[in-house]
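Below: the structure, in structure tokens.
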Protein chains: 2
Amino acid sequence: MNDTPPGHALRGDLFSESCPSREVLKHVTSRWGVLLLVALGDGAQRFGELRRKVGGISEKMLAQTLVWLEQDGFVLRIAHPVAPPRVEYRLTPLGEEVSRRLKDLALWIEENLGAMLAARRPPSHALQGS
Amino acid sequence: MNDTPPGHALRGDLFSESCPSREVLKHVTSRWGVLLLVALGDGAQRFGELRRKVGGISEKMLAQTLVWLEQDGFVLRIAHPVAPPRVEYRLTPLGEEVSRRLKDLALWIEENLGAMLAARRPPSHALQGS
DNA sequence: CGGAATCCAAGATGATACTG
DNA sequence: CAGTATCATCTTGGATTCCG
């Protein structure tokens, strides 16, 4: 139990273009990664369940994102060898932790949407945002 | 204190395709949005400073992302009317809050990168991930 | 049902050049 | 310095089709 360095100030690392964390961060914060990880926070679910639960996701991106998350060690894929294929996805301990953080973020945004829309004013200079 | 329904179930909202939160979430979790918000957590900074600080970002995406974040009420743009243009960007109170959450997420990922790489195994079936 | 493969459209991203 | 405009490219995302 070699403890981890406390204030290890890894922060500077993240800003480096070559920081490996960026890849993981990219998967986690990808369009569907966030929603999927939050969704899986409710417990193991099947492919079809997830597709219905996360509105707007296509089968392709669902599969793709699940692979990313599986590779990163956040999601576990459990295939039951039964007649009608049955595959479940569930969070790993690592996944539970990110899921909590993402849920916190997502819920905060939902709850403060009003304040954002109120504060929303046209950009000072120009350029349009989606 | 059941005044604030714990199960305020805004969660289901997020999974809805038409949930307005998705737009904000998209900006916040965009490739550069995360890094920029975390970077601005260190205090107000100028355009050039941010560009140098966040490795790999192009001027275009820096400007673009700043506009998104300004529109969403997370960032304040302060232009000083001086000879050599001087513009500073700083977080709004709202921005400070997301910044904290994103920093938490980013730092957690950095600190657990080892565990992820260790857990990383090829996907059970196929498909390649970035 | 749970994918895999393919084709395609749209948006994100980058490099570069130009301006106030 | 702080952008803006343009063009080229890469990736994301979607629809469809096929398979075990």
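Chain letters run A, B, ... following the sequence lines, proteins first, then strands; residues in each count from 1. Remember, predicted model here, so these are calculated numbers, not experimental data.
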Nearest whole Å is fine: how far is [N] [atom2] from [X] [atom1]?
X       : N      : atom1 : atom2 : result
B:Gln45 : D:dA2  : CD    : P     : 12 Å
A:Leu66 : C:dG2  : CG    : P     : 11 Å
A:Tyr89 : C:dG2  : OH    : P     : 8 Å
A:Arg51 : C:dG2  : CZ    : C1'   : 9 Å
B:Leu62 : C:dA12 : CG    : C1'   : 15 Å
B:His80 : D:dG3  : NE2   : C1'   : 17 Å

Practice problem: For each nucleotide in nucleotides 13-20 of chain C, reading 5' to 3', give B when a protein heavy atom comes within less than 4.0 Å of its base, S when such contact involves only the sugar-phosphate, and - otherwise. | Solution: BBB-B--B
Quiz item: For A:Asn112, what residues pass the side chain to side chain donor-acceptor pair (under 3.5 Å) criterion, not counting sequence neighbours?
Solution: none
Quiz item: In terms of ring plane angle, is the pair A:Phe47 and A:Tyr89 parallel, tilted or perpendicular, where the classes change at 30° and 60°?
Solution: tilted
Backbone N or O of [Y] within a donor-acceptor pair of the [X] side chain at under 3.5 Å?
X       : Y       : value
B:Ser21 : B:Leu14 : no
B:Gln45 : B:Gly43 : yes
A:Ser99 : A:Gly95 : no

Quiz item: From the list C:dC1, D:dA2, C:dG3, which nucleotide is the closest neighbour of the side chain of A:Arg46?
Solution: C:dC1
Quiz prompt | Pairwise distance CG(B:Leu102) to CG(B:Leu40) - rounded to 0.5 angstrom | solution = 11.5 Å
Exercise. Estimate the overall bend of the helix from C:dC1-D:dG20 to C:dG20-D:dC1 from the end axes over five pairs each, rounded to 10 degrees.
Key: 40°
Exercise. May I ask you to decide whether B:Glu88 forms a salt bridge with B:Arg90, counting only side-chain N to carboxylate O separations under 4.0 Å?
Key: no
Quiz prompt | Shortest non-hydrogen contact from B:Thr65 toward B:Trp32 | solution = OG1-CB, 3.9 Å
